[in-house]
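The structure under discussion appears below in the form of structure tokens.
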Amino acid sequence: MTIIIAVDGPAASGKGTLAKKLAKHFGFHHLDSGALYRLVGLGVAEAHGDPKKEADAVEAARHIDHRRADDPAIRTAAVGMLASIVSAHPAVRQALLDYQRTFAKLPPGTVIDGRDIGTVVCPDATVKLFVDASAEVRAHRRWLELSAANPGDPPDEARLLAEIQERDARDRTRAVAPLKPADDAQLLDTSNLDIDAAFAAALALVSPAVENVLASSAKG
Ligand SMILES: Nc1ncnc2c1ncn2[C@@H]1O[C@H](COP(=O)(O)OP(=O)(O)O)[C@@H](O)[C@H]1O
Ligand SMILES: Nc1ccn([C@@H]2O[C@H](COP(=O)(O)OP(=O)(O)O)[C@@H](O)[C@H]2O)c(=O)n1
């Protein structure tokens, strides 16, 4: 039985950082589901389509190039905004569902981060985390990240905060798979935790469930 750790949360809450570290710790596979939506957003832009048009967004979703998941071009605030617009189309979410669910089953375990992993993609996940932090803290973290990636042209922090708030509001209020904690998710606020402290807290929350499954599969 594959162990699935679902890590959801709003923009720049640190869910990707925690998901990667958890995957490394347990020797599990990691999927950044947000990268899929970012690739769709980028695909629409490159095809000169309209992200608000479901047909344009679905076309891009059917042709995403997974090899570009590490492309820095998808990490910009502008592509984050496009991702949030295309991800509100039900048919786009549907087009990406099979890939995520197939990935989730890779043995011995997977860690997937996103917005709807614990609620829609993997409602039966072994354990679910919902990572959060204040909007100001999240915008500052994203500012540090984008400034480091592009020191010659750092983004405006106030604008980043506004964009993150706009994106979160859209993600939280969309009709399909809105951003919200699953009923059985464990909440982790990282506003006052550095990366090491957040990881220690995340590990303490998920370890009991993971160890439990590992112990019962060892017994056979
Ligand atoms: N607890 C934390 N304290 C300080 N910085 C953090 C923390 N968690 C993540 N970061 C940094 O904040 C930025 C956004 O984190 P990331 O994991 O990409 O967030 P998300 O996946 O939720 O968008 C990254 O530069 C990351 O290194
Ligand atoms: N499982 C997911 C993951 C991302 N998304 C969408 O994709 C956008 C970009 O996601 P992301 O995880 O890369 O964003 P950040 O948290 O890294 O800023 C989000 O704002 C959501 O609109 C989603 O709808 N469902």
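For this chain, numbers begin at 1 and follow the sequence in order. Each ligand, and each atom within it, is numbered from 1 in the order the structure gives.
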Legend entry - Polar contact flag for T190 and ligand 1 (N/O pairs, less than 3.5 Å): no
Legend entry - Parallel, tilted or perpendicular: ring planes of F103 versus H29, cut at 30 and 60 degrees: perpendicular
Inset, instruction - Quick one: look up the protein heavy atom nearest atom 20 (P) of ligand 1 and list residue, atom name and how far away it is. - result: K15 NZ, 3.3 Å
Inset, instruction - Give a yes or no on this: more than 12 heavy atoms of other residues, nucleotides or ligands lie within 6.0 Å of atom CG of D194. - result: yes
Legend entry - Closest to atom 4 (C) of ligand 2 (judged by heavy-atom distance), picking from G34, A6, G80, G9: G34
Legend entry - Atoms in ligand 1 flagged as close to G14, the criterion being non-hydrogen separation under 4.0 Å: 8 (N), 9 (C), 15 (O), 16 (P), 17 (O), 19 (O), 20 (P), 22 (O)
Inset, instruction - Could you check atom 8 (C) of ligand 2 against the protein and tell me its nearest heavy-atom contact, residue, atom and distance included? - result: A83 CB, 3.7 Å
Inset, instruction - Starting from atom 3 (C) of ligand 2, find the nearest protein heavy-atom neighbour and note its residue, name and distance. - result: S33 OG, 3.4 Å
Inset, instruction - Starting from atom 4 (C) of ligand 1, locate the nearest protein heavy atom and write down its residue, its atom name and how far away it is, to 0.1 Å. - result: R141 NE, 3.5 Å
Inset, instruction - Verify, without hydrogens or angle tests, whether R138 (side chain) and A12 (backbone) share a donor-acceptor contact under 3.5 angstrom. - result: no
Legend entry - Taking every non-hydrogen atom, the tightest pair across D113 and S33: O-OG, 2.6 Å
Inset, instruction - Report, as yes or no, whether the 6.0 Å neighbourhood of atom CD on Q94 holds more than 12 heavy atoms from other residues, nucleotides or ligands. - result: no
Inset, instruction - State, yes or no, whether a side-chain contact exists between Q100 and L31 at a heavy-atom distance under 4.5 Å. - result: yes
Inset, instruction - Specify side chain, backbone, both or neither for S84, according to which of its non-hydrogen atoms lie closer than 4.0 Å to ligand 2. - result: both
Inset, instruction - Would you check the N or O atoms of G16, main chain and side chain alike, for any that come under 3.5 Å of an N or O of ligand 1? - result: yes
Legend entry - For S87, atoms of ligand 2 separated by under 4.0 Å from a heavy atom: 6 (C), 21 (C), 22 (O), 24 (O)
Legend entry - atom 23 (O) of ligand 1 - nearest protein heavy atom and its distance: R142 NH2, 2.8 Å
Legend entry - Identity and separation of the nearest protein heavy atom to atom 13 (O) of ligand 2: R38 NE, 2.6 Å
Legend entry - Ligand-side contact atoms (ligand 1) for residue partner E145, heavy atom cut-off under 4.0 Å: 13 (C), 14 (C), 24 (C), 25 (O)
Inset, instruction - Could you tell me whether A12 approaches ligand 2 through its side chain, its backbone, both or neither, with non-hydrogen atoms closer than 4.0 Å? - result: backbone
Legend entry - S216 side chain to N212 backbone, donor-acceptor under 3.5 Å: yes
Inset, instruction - List the atom of D8, the atom of K15, and the distance in Å for their closest heavy-atom pair. - result: C-CD, 4.0 Å
Inset, instruction - Provide, to 0.1 Å, the distance between atom 7 (O) of ligand 2 and the closest protein heavy atom, together with that atom's residue and name. - result: Y37 CB, 3.4 Å
Legend entry - Between Y37 and R115: side-chain donor-acceptor atoms closer than 3.5 Å: no
Inset, instruction - Just let me know how R174 lines up against ligand 2, side chain, backbone, both or neither, with a heavy-atom cut-off below 4.0 Å. - result: side chain
Legend entry - Neighbour count >12 (heavy atoms, 6.0 Å) for atom CG, D65: yes
Legend entry - For ligand 2, the portion of R170 having any non-hydrogen atom under 4.0 Å away: neither
Legend entry - Atoms of ligand 2, numbered as shown, that sit under 4.0 Å from any heavy atom of K15: 12 (O), 15 (P), 16 (O)
Inset, instruction - Identify, by atom number and element, the atoms of ligand 1 in contact range of L193, meaning under 4.0 Å from any of its heavy atoms. - result: 1 (N), 2 (C), 3 (N)
Inset, instruction - Start with the C-alpha distance between L42 and R38, add both sets of side-chain angles, then the distance that settles side-chain contact (heavy atoms from CB on, under 4.5 Å), and finish with yes or no. - result: CA-CA 6 Å; L42 183 68; R38 285 174 180 267; over 6 Å; no
Inset, instruction - Distance to 0.1 Å, residue and atom name: give those for the protein heavy atom nearest to atom 25 (N) of ligand 2. - result: R93 NH2, 3.0 Å
Inset, instruction - Look at atom 17 (O) of ligand 2 and find which of R142, R115, M81, R75 reaches it with the closest heavy atom. - result: R142
Inset, instruction - Say whether, by atom type as modelled, one donor and one acceptor occur between the side chain of D56 and the main chain of D50 under 3.5 angstrom. - result: yes
Legend entry - D113-ligand 2 polar pair, N/O distance under 3.5 Å: no
Inset, instruction - Verify, without hydrogens or angle tests, whether T76 (side chain) and V79 (backbone) share a donor-acceptor contact under 3.5 angstrom. - result: yes
Legend entry - Whether over 12 other heavy atoms sit under 6.0 Å from R159 CZ: no
Legend entry - Heavy-atom proximity to atom 16 (P) of ligand 1, best of T17, D113, D8: T17
Legend entry - Close-contact set for ligand 1 against A12 heavy atoms, below 4.0 Å: 19 (O), 20 (P), 22 (O), 23 (O)
Legend entry - Nearest neighbour in protein (non-hydrogen) for atom 7 (C) of ligand 1: I195 CG1, 3.4 Å
Legend entry - D171 neighbourhood, listing ligand 2 atoms whose heavy-atom distance to it stays under 4.0 Å: 19 (C), 20 (O), 21 (C), 22 (O)
Inset, instruction - Check the surroundings of atom CZ in R101: do more than 12 heavy atoms from other residues, nucleotides or ligands lie under 6.0 Å from it? - result: yes
Legend entry - Flag, side chain of S207 to backbone of A204, donor-acceptor distance under 3.5 Å: no
Inset, instruction - Could you tell me the residue and atom name of the protein heavy atom closest to atom 9 (C) of ligand 2, and the distance to it rounded to 0.1 Å? - result: R167 NH1, 3.6 Å
